[in-house]
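The first residue of the sequence shown is numbered 1, and numbering continues consecutively from there. The structure presented is a predicted model; accordingly, all values stated were derived computationally and were not measured.
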Amino acid sequence: MVNDKEVKTLVSPFAVREDEKKVYDGKDGFASVNQVVFKMDMGYINESHIKALEVVNEFGFVTSRQVTQILDLRGKLNDVEEDKKQNKVAKWLEDLTKSKVIARYYFQSEAGKSSYRAYCIDKIATYILKQRNIPTLWQPTDNTKPAYAVKRKLAGNQIIIAYMQKVASFSSSNPNLLLYSKKYNVKFKPTGGLITLKSGADELNFVFEVVRRNDDWQNMFAEKVQLYSDFYENFTRNDAGFYDKPQIVFVGEDIQHIAEMFRIIKKVGCVLEDSEMYFTTELKHLDENLENTISVFELDPETRKYKVLIKPLDILKPGDNKSSSNSDLNLDMKFNSNMIIE
């Protein structure tokens with residue numbers, strides 16, 4: 001598996017390309033639940049496959065490398081040799097794809113075909129997950145999401161993984177957080193999810209909004225800014241389960257994109273002060289130290305122009321979190337009324 005420090009690129013692999021399309025790369029034809037049950041009975045699909053399936057379900061759209069990183073960080077690959085982990089996980093994903101338990105896609109544009117594939121669960125997976133009392137939010141229409149929406153998810157996942165790997169204060173993550181706008185009576189999802197950091201008695205929640213340069217992204221982002229603005233303006237304790245207001249982090253494709261996003265925020269209007277809005281890009285998270293990955297916009301009193309400044313954060317100090325979740329009990333259970341707990 002390629003480590004972050006070995007990745008050399010000036011353009012994020014999750015940036016949107018012109019006229020880009022998401023192309024199905026799974027198995028054609030029909031597969032029944034009975035066929036999958038037979039494969040499980042025969043051991044062709046086993047507990048290792050289920051571990052990978054759980055990650056795909058949790059994170060929505062993921063690459064093979066991301067599944068490997070997450071399983072490794074959670075101590076699920078301790079019995080696999082280091083140089084064989086990526087190949088093992090790729091084989092599990094391939095088996096699940098062939099059985100139509102999960103679906104696979106790649107991205108095609110004038111620049112060519114993406115070097116990676118994105119995986120997401122398919123209908124048959126919901127039966128397996130339900131039998132194991134694992135909640136899933138999957139809907140059949142999820143697999144019809146456009147390329148930019150999938151890339152937003154992949155970029156958000158990569159940031160979560162970076163925090164899991166490199167930040168000592170990392171506590172937990174939720175890729176599927178829902179917020180509520182009281183003014184507009186709308187539930188909305190931060191596209192990059194939630195990361196909770198804990199350092200001593202201090203706890204800080206980072207909510208990531210990942211933005212891509214898709215068609216009409218400016219208007220889409222402006223709408224989202226209004227929802228965030230209402231959430232923060234009318235925030236009361238325990239909204240979305242937060243004791244205090246979470247920290248919003250806007251994620252762009254590059255520095256220029258961040259500047260464009262900031263201009264839209266100022267034009268739309270937001271109750272948050274400039275210093276309360278953090279900005280970053282996913283490429284910054286390839287660094288081994290994430291303390292300097294956050295930027296803010298500051299108004300120069302002399303020129304009356306904004307400039308981007310790095311905001312060092314002690315809470316992002318490096319640390320190894322590998323296998324840290326193994327000994328923790330899951331006290332945030334999400335029960336499904338349709339499940340029968342055995």
Side-chain angles (χ1 to χ4, degrees), residues 12 14-16 60 145-160 173-195 204-236 239-242 244-285 293-300 304-311 313:
S12 170
F14 308 130
V16 170
K145 289 181 178 178
Y148 72 83
V150 176
K151 285 197 165 184
R152 279 191 318 212
K153 193 66 175 169
L154 295 175
N157 291 344
Q158 202 57 53
I159 291 175
I160 290 177
S173 64
N174 180 2
N176 302 299
L177 175 71
L178 274 179
L179 302 180
Y180 178 67
S181 168
K182 299 172 183 176
K183 177 180 177 180
Y184 300 106
N185 190 26
V186 170
K187 290 181 180 178
F188 65 102
K189 183 182 290 188
T191 50
L194 164 72
I195 290 175
L204 184 60
N205 292 294
F206 277 16
V207 171
F208 291 87
E209 180 62 26
V210 181
V211 183
R212 304 291 88 172
R213 283 193 180 100
N214 53 282
D215 291 341
D216 201 36
W217 73 267
Q218 296 94 334
N219 287 321
M220 294 173 62
F221 181 57
E223 290 178 1
K224 206 70 176 287
V225 169
Q226 293 179 67
L227 294 176
Y228 277 112
S229 185
D230 177 59
F231 173 79
Y232 283 102
E233 183 175 17
N234 296 299
F235 179 86
T236 57
D239 279 355
F242 295 116
D244 294 312
K245 294 179 182 179
Q247 173 63 57
I248 182 69
V249 184
F250 295 105
V251 184
E253 293 187 358
D254 49 48
I255 296 298
Q256 179 60 37
H257 192 206
I258 286 175
E260 295 169 8
M261 292 161 60
F262 182 72
R263 283 195 289 268
I264 291 173
I265 292 172
K266 300 303 289 185
K267 187 173 182 179
V268 172
C270 185
V271 298
L272 294 175
E273 299 291 334
D274 296 339
S275 60
E276 296 175 320
M277 295 183 290
Y278 290 176
F279 294 83
T280 190
T281 68
E282 63 265 26
L283 280 185
K284 287 187 175 184
H285 294 78
T293 55
I294 297 297
S295 298
V296 294
F297 283 85
E298 184 178 280
L299 185 63
D300 189 315
R304 304 304 298 170
K305 293 182 178 180
Y306 280 98
K307 55 185 178 181
V308 184
L309 299 177
I310 291 176
K311 184 180 179 66
L313 297 177

Side chain [X], main chain [Y], donor-acceptor under 3.5 Å:
| X | Y | result |
| --- | --- | --- |
| T191 | V210 | yes |
| K245 | F235 | no |
| K307 | E298 | no |
| K153 | P175 | yes |
| D230 | K183 | yes |
| Q158 | E282 | no |
| R212 | W217 | no |
| Y278 | V251 | no |
| Q247 | N205 | no |
| T280 | T293 | yes |

Do [X] and [Y] make a side-chain contact, defined as non-hydrogen atoms from C-beta onward lying under 4.5 Å apart?
| X | Y | value |
| --- | --- | --- |
| V249 | F279 | no |
| Q256 | R213 | yes |
| I195 | I160 | yes |
| Y184 | Q226 | yes |
| P246 | F231 | yes |
| T236 | K182 | yes |
| V268 | K224 | no |
| D215 | Y148 | no |

First locate atom [atom1] of [X], then atom [atom2] of [Y], and finally report the distance between them rounded to the nearest 0.5 Å.
| X | Y | atom1 | atom2 | result |
| --- | --- | --- | --- | --- |
| E209 | M261 | CD | CE | 7.5 Å |
| N234 | Y180 | CG | OH | 10.5 Å |
| L179 | L194 | CG | CG | 8.5 Å |
| K187 | L178 | NZ | CG | 6.5 Å |
| Y306 | K266 | OH | NZ | 3.5 Å |
| R263 | F297 | CZ | CZ | 8.0 Å |

Quick one, L272 with I248, criterion side chain to side chain contact (heavy atoms under 4.5 Å, CB included). Give me CA distance, side-chain angles, the key distance, then yes/no.
CA-CA 10 Å; L272 294 175; I248 182 69; 3.6 Å; yes
Under the salt bridge (charged side-chain N to carboxylate O under 4.0 Å, His left out) test, which residues partner K284, sequence neighbours left out?
none
If the condition is salt bridge (charged side-chain N to carboxylate O under 4.0 Å, His left out), which residues does D216 pass it with, not counting sequence neighbours?
none
Under the side chain to side chain contact (heavy atoms under 4.5 Å, CB included) rule, what do C270 and Y228 come out as? Steps first, then yes or no, please.
CA-CA 8 Å; C270 185; Y228 277 112; 5.8 Å; no
Of the non-hydrogen atoms in [X] and [Y], which two are nearest, and what is the gap between them?
| X | Y | value |
| --- | --- | --- |
| V296 | M277 | CG1-O, 3.8 Å |
| P190 | L177 | CD-O, 3.2 Å |
| V225 | G269 | CG1-O, 4.3 Å |

Could you give me the CA-CA distance, side-chain angles and deciding distance for F221 and F250, then say whether ring pair (Phe, Tyr, Trp, His ring centres under 6.0 Å) is met?
CA-CA 10 Å; F221 181 57; F250 295 105; 5.6 Å; yes
Heavy atoms of other groups near K189 NZ, more than 12 under 6.0 Å
yes
